[in-house]
Structure formats: structure tokens, C-alpha cells
Amino acid sequence: MNALHELKEKFRPIIAGFVADDVSKTDAMLAMIRPAGDAKHGDFQANFAMPMGKQTGQSPRAVAETVLQQCNLSGICQTVDIAGPGFINLKLDDDWIKRQLKSALADSRLAVDSVTNARNYIVDYSSPNVAKPMHVGHIRSTVIGDALTRILNFVGHCAKSDNHLGDWGTQFGMILYGYKHFRDQEAFDSDTIGELSRLYRLVRKLIDYHGARIKLVVLETALAELETQQSDLKQKQSESQEKSAVKKIKKEISQIEKRINDAAEKLQKATTAIDAVENDSELSLLAAAHPEIGTAVLLETAKLHAGDQENRDLWTTFLPICKQDMQTIYDRLDVEFDMALGESFYNDTLGAIVDELEAKGFARESDGAMCVFLDGFETPMIIRKKDGAFLYSTTDLATIKYRMDNFDADACLYVVDHRQHEHFEKLFAVAALWGYDEAELKHVSFGTVMGKDGKPFQTRSGDTVGLAGLLNEAEKRAADIARELNEGIEADELKENARVVGIGSLKYADLSQNRASDYTFDYEKMLALKGNTAAYLQYGYARVQGILRKVEVDPRPLRDAPVEFEFETEIERALAVQLLRFEEALSDVLIDYKPNLLCNYLFDLGQTFFKFYDQCSLKDTQSETLKHSRVQLCDLTARTIKTGLALLGIGVLDQM
RNA sequence: GCCCCCAUAGCUCAACUGGAUAGAGCAGCCGCCUUCUAAGCGGCAGGUUGUAGGUUCGAGUCCUACUGGGGGUACCA
């Protein structure tokens, strides 16, 4: 049941008459029926009279009156008013609300209708590179993708999640090289994943070192050149008389300064990479002994791809271990995938795909590389390097083909950082050329995780914050509060409480933000348990359970045999209306795949509930029927919170 | 150079895709636990939505220019 939808259908035939049955115009007008911005204007408002008045040359108020004369809203609306320039304010009928509440009460889906146009979705998210430790940057894709998959399935679509693991890239070359040259066998035997991760970081450091050494001179001369230019310009500025010329020079100076800052930053990075090795005698020796490590690593990767037995064997040994390590994180996050087809899965199909694109005339060789040139793009999409190796663009194309052929996908969502915007634009353009132009291919992008300095997030050491550590800290903080508030809480219960609240709040912190915004990583905010957090909603849920325990009314029999709802106070009606908006919130989420809209809804519901809680004591309610009506409201609130949080991948507790 | 995002309260973010008086949470101040769990509630304070124009009945939202920040830009993913 969706009140907004019902209202739109009531208005549809009348509006259609006004716009000569133009369906898209009708829909545009109906889209102007929306929840009231301010509760004192009613429950919903319709804003179509203004543009319609404009088009027909009538006054908007006259249009509104005509529409309302023809539209029979009795039964669903209690009052209908025209206000201001021509706003139509709609207030739902109490009896109608009560009927809807009853059907929600009796329904395990809370009367959320299944969509009529069910589609097959593939949701591609998380997709970490195996063999690199997962860091805080991975959590965003993981929780957003997981929430979208759950919501799509709940409303009746068929959504399959796919973890498109980076299990075939250069990082494996690093590990292979590290394993062959630097491994500590004892450590490898006792703590394999720790040793692999150490090897990865070690090789990374050495490559960065040599890279920085080569770049150093270039960077230094570039910086010096820029500084000369800067002083020249300053000279010119002081000599110049003309106002406009001075202004122009000033602008040039500020541009130069920006470039100087950039160059200085790069130089700083290079120096840091060099110092990290040279200040460490052991590392210096290793660096000196492996001058060609960069190309050697690429060679190891190439050998792996070419089917070299030793490297393949090592890969088959490492991969399950790495996957197992990631799985512990996914388990803690309660995230599951329907499939985890990594890049390696598509390896055997890549050659044929490149050949096909070439044969069809979409791809051609340029500078030795196989490229697809696209209108509107400066650079082509390279699908095979000049050394013969394939790229992730090739794999992504193979993935699209696989998903279309095997899952008959109507839509693929890629929950990936917005920095890959252009990659996906090209990918989708090539897919359309290739013939996959029916399905919706959508880059559900999200902002970068930034540090407090406004730069992409990194810790001082240059390593990004580990995900495991973040989860530990989240649970620890939740445990501290739970212990403080519940003296003598059992160890098991404390642990469960900390897990549900800590992890839930961490996820919610990510989900509650508009995914488009870059997000500033803030330890305190990520781990906050007060205000607009999962803990707030979980607390609301737990309090309902507390009430039900206290008043000793079992809500379950009331679900199928409810008493008549009574709105003794304004707040009870407000809570009721808010409860009926659940389906609306879910459909809002899916318009542009924004889970934060569900968070907004739940937080509003929570606030309304706490007001109700404050004003309507069930314990002191004398009338049995009123008490039961309130129990029913509580029951619906708890179930809506529980269901809503579950759709975000967050759990609830009976007691906190 | 070219292209893409972003700029909203001291801080971190919303604003249902053009609607009525721009909302929350932190942080600050004042209240509320002998009253169903204070991880809560009520109140105060905080804004020329980066700047300047434009479009229209109506703009944080759309267009233009500018300023500032981030990202991308031929063989990394």
C-alpha cells in the first residue's frame, strides 16, 4: 500500500483530460503530488495547478478548483484545501489510515506491495583486490551495494550480488615476487595472511623507492622551473603599469602557485618513499639488490597470465587464503554474495572478445595497443596492451557479456568510487556498440573517503586504515557504553550487543549520507552512538520491546484480530501516517539508488516514535481499547524499524 | 590544456530531483531520571545556501561567468 500512489491514481484520469491524454505530461503533473513539506499543510500536497494554470492561461486556483470538482477523493481524504497561489493540500481520512494500518499489521511485509515490473538486477559491489589488506575505503561500496541488493529483492525484483574480486592483477605479481625472494618460511607457515600482507607492503615499498628515485630529478627540475617562472612573473607584475595587465599576471601567478604546490607535494611524496627505504639499512640493502623489481613484478604477473606452472600453483595456493581472510570481514559485516566471480574467472574469454570487437570493426590497433575509439572521448578505451596483456576494461566487457548471457540481466549496478566515472562511461558506450544496449548499465558512484586535511584518506604512515581495526574499535565503543548502562550484563549478551550496535552504527554512518558526497573520514562520527545513528533506531526498537514487556500485552494476536485504532492525540495520528510511508521511502531509494533516503525515513520515524513515547504512556492508559490501539502502533513501529534496518543490513536487539 | 564532481549553521551532513518559513546530528547554553530503559525528550542560539548575473508564478536545486576544493585524462585497478 502506498498512499501517494493511491492519490496519484485518483488524480490521473482528470489530469490526463487536461493535457489531452499525453502520458508523459500526465506523469510529470502527477509527480508534483508529494508528501507535504510541512505537517500543518496536511499529509500530502499537489503542486500541479501552477504549471497547468500557466499552460492553459487560467489562474492556478481556478485550475485547482476544477480538478477538485471532478476528482472524488472521499474515502481517502478527510479535507482538501487550496492554499496560496494554488497548492492543493490533502489530509488523509482517519478511517482510511486505520484500514491501512490494519492491513499492515496483518502482513509480514507490512503491506509493502511487490513491484509490478520486476527486473533482473546484478549488483556489483565491494570488489576488493585480494592480497591487499581491506581498508576503510572498501566499506562504502560494500554496505551500499548490500543495502541496495536487499531492498531490490524486498520490493520484488530479482537482484543478485556479485563480488567482482581483483584476483588477477599486478598485486599478485608483487606477492609472487615477494614470496620468491623475501619470504620468511616460518612466518608463512604460522600466519600466512600476515606474511603475504607483509610481502605485499615490502615489494610495494621497494617499487615506490625505485620509481621515486627515477622521478626525483625530473620533479626537482620541474619545481625549479616553475619557481623561475614565478619570480619572472612577479618581476613583470612590479614593472607593469596597466591595470588589466596586472590582473592577468596575478591570475597567472596564482595558477603557477597552484602548480608549484602540486609539484612540491609530488616531490614530498617521492622523498618520503625514498627516505622510508634509505633510513632503514635492511631495506636499503634489499633495494640495492633488486634494482629492476618494478619490471620483474610485471613479468611475474605476465607469467601468471600466460599459464606459467609455478606461478599458477602459487596463485592457487594464495587465493583461498586471501579469500578466507576477506570472508572473516564479510562475516562480521553480515554481507553475503550470490557469487564472487573475480577477474580471473573471465581470463579465458578475453582473447575472443578482443578478436570479436576487432572483427566487427569496433576496435583497431593504435601504438601497438588494441583500442576502441569513441565519439566524445579524448582517449580510446584500450582493451589489449601492446605487450598482449588484457586490462580491467577487457574483463569488464567480458563480465557484461557473461551477465547478459547467463542471467538475462535487465540492469547492472556498479557500486564503485566516482573516480572511475569516465571508465564506466566508456565501458557502457562500448557495450552499447557491441549490442548490449537494452539493459540499464548504471554506475552507482559514491564520493571518495577524505581525510581531515581534505585529501583522499590516509594515515600518517601512508597506510590506509585497516577495516578489521575499525570494526574492532566500533565494537569496543559499543561495549563500553553497554557495560556502563547495564550493570552486571552477561559476557555473551554484552558481546552480541556490541556487535549489533557497533557494526550497525558503522554501516549506518556510511549509508545515511548521500552517496554522491565525498565523505570526510571521522573516527568519532563513524563510531558515534548518539543522534542520527543506527543505535538511535535500535534503541527505539528496544524500547518498544520494553513497553510490551511492561504492559504485558502480547502484540501478536492483535495482528490478525486488531482493535479499532484510536487517535487520542495528534502524535498518534502523525505516527500512523509516518508508518504508512514506508513503501514510499523504499521506492524513493530505488529512483536513484540512494539508501540514505531510507535512513532519513527511519530517523523521522524514530523521532516521531520518541515523541509519541513521551506523550502517550501505555502503562498509564486506562482504556483497554486505547491501550491496545497504542500497542498496535508500537508493534508496527518496531516491525518497521526492524525491517528497515534489516534492509540496510543492520540488526536489532530486544534490550539495550 | 580538456572533461567530470563538489561548495548549505562553528564541525559533519540532509533537503523526496523546481514548491510554501532551508532541516538534522555533533559541539555550546538552559531544562527533564521516586513517572513504560536519559544510547532518550523539550527549549535557546546558530544561515545573504562560495561570488555575480540569468531563466520563472516560485531556485540550495536549472543556465552562464567567476572563485575555491577534489578527481580523471593511452596501455594500473
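Just so it is clear: chains get the letters A, B, ... in the order the sequence lines come, proteins before strands, and each one is counted from 1. All values below come from the heavy atoms of this structure, side chains included, with hydrogens, waters and symmetry mates left out. A quick note: this is a predicted structure, and the numbers were derived from the prediction, not measured.
- If you take atom P in B:A9 and the same atom in B:A14, they sit 13 Å apart, rounded to whole Å.
- Remark: C1' of B:A14 and CG of A:Leu598 are 15 Å apart, rounded to the nearest angstrom.
- Following rounding to the nearest Å, A:Asn47 (CG) and B:C16 (C1') show an atom-to-atom distance of 12 Å.
- Residues passing the side chain to side chain donor-acceptor pair (under 3.5 Å) test with A:Ser366, sequence neighbours excluded: none.
- Under 4.0 Å is where a charged nitrogen must lie from a carboxylate oxygen, and between A:Asp480 and A:Arg477 no such pair does.
- Glycosidic conformation at B:U67 (O4'-C1'-N9-C4 for purines, O4'-C1'-N1-C2 for pyrimidines): anti, more than 90° from 0.
- A:Asn89 has its CG atom 15 Å from the P atom of B:G19, to the nearest Å.
- Summary of the strand contacts: A:Pro51 and A:Gly169 both lie near RNA chain B, and taking for each the nucleotide with the nearest heavy atom, the more 5' one is attributed to A:Pro51.
- Using a 4.0 Å cut-off, no side-chain N or O of A:Arg419 falls inside it from OP1 or OP2 of B:C5.
- Judged purely by distance below 3.5 Å, without hydrogens or angles, the side chains of A:Asn532 and A:Tyr508 pair a donor atom with an acceptor atom.
- A:Tyr200 has its OH atom 10 Å from the C1' atom of B:A77, to the nearest Å.
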Just by protein heavy atoms under 4.0 Å, how would nucleotides 28-41 of chain B read 5' to 3' in B, S and -?
-> -------SBBSBSS
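- Take the nearest nucleotide of RNA chain B for A:Phe48 and for A:Ala516: the residue whose nucleotide is more 5' is A:Ala516.
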Output field dot_bracket for RNA chain B (Watson-Crick or G-U, both distances under 3.5 Å, | for other-strand pairs) contains (((((((..((((.....[...)))).(((((.......))))).....(((((..]....))))))))))))....
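- Not one side-chain nitrogen or oxygen of A:Asn600 sits closer than 4.0 Å to the OP1 or OP2 atom of B:A24.
- In this pair, A:Phe87 does not lay its aromatic ring on the base of B:G19; centres under 5.5 Å and planes under 30 degrees do not both hold.
- The distance from atom CG of A:Leu350 to atom CD1 of A:Ile353, rounded to the nearest 0.5 Å, is 6.0 Å.
- Within the 4.0 Å cut-off from OP1 or OP2 of B:U12, not a single side-chain nitrogen or oxygen of A:Ser517 is found.
- A gap of 15 Å separates the C1' atoms of B:U64 and B:A59, to the nearest Å.
- Using a 4.0 Å heavy-atom distance criterion, A:Asp604 is classed as making no nucleic acid contact.
- Once the 5.5 Å centre distance and the 30° plane angle are applied, the aromatic ring of A:His41 is found stacked with the base of B:A20.
- A donor-acceptor pair is defined here as one N or O able to donate and one able to accept, closer than 3.5 Å; no such pair exists between the side chain of A:Ser344 and the backbone of A:Trp168.
- Atom CG of A:Asp417 and atom C1' of B:C5 are 11 Å apart (whole Å).
- The closest side-chain donor-acceptor pair between A:Ser629 and A:Gln632, if any, does not fall under 3.5 angstrom.
- Nucleotide B:C76 holds its C1' atom 16 Å from the CZ atom of A:Phe172, rounded to whole Å.
- One finds the OG1 atom of A:Thr637 at 10.5 Å from the CZ atom of A:Phe610 (value rounded to the nearest 0.5 Å).
- For A:Ser366 and B:A74, a side-chain-to-base donor-acceptor distance below 3.5 Å is present, hydrogens and geometry of angles not being considered.
- The 12-atom threshold is not exceeded at NE2 of A:His5, counting heavy atoms of other residues, nucleotides or ligands nearer than 6.0 Å.
- Counting non-hydrogen atoms under 4.0 angstrom, A:Glu425 reaches nothing in the nucleic acid.
- A salt bridge links A:Asp592 and A:Arg515; the closest N-O separation between the charged side-chain nitrogens and carboxylate oxygens is under 4.0 Å.
- Rounded to whole Å, the separation between the C1' atoms of B:C6 and B:C13 comes to 14 Å.
- With salt bridges taken as basic N to acidic carboxylate O contacts below 4.0 Å, none links A:Arg61 and A:Glu65.
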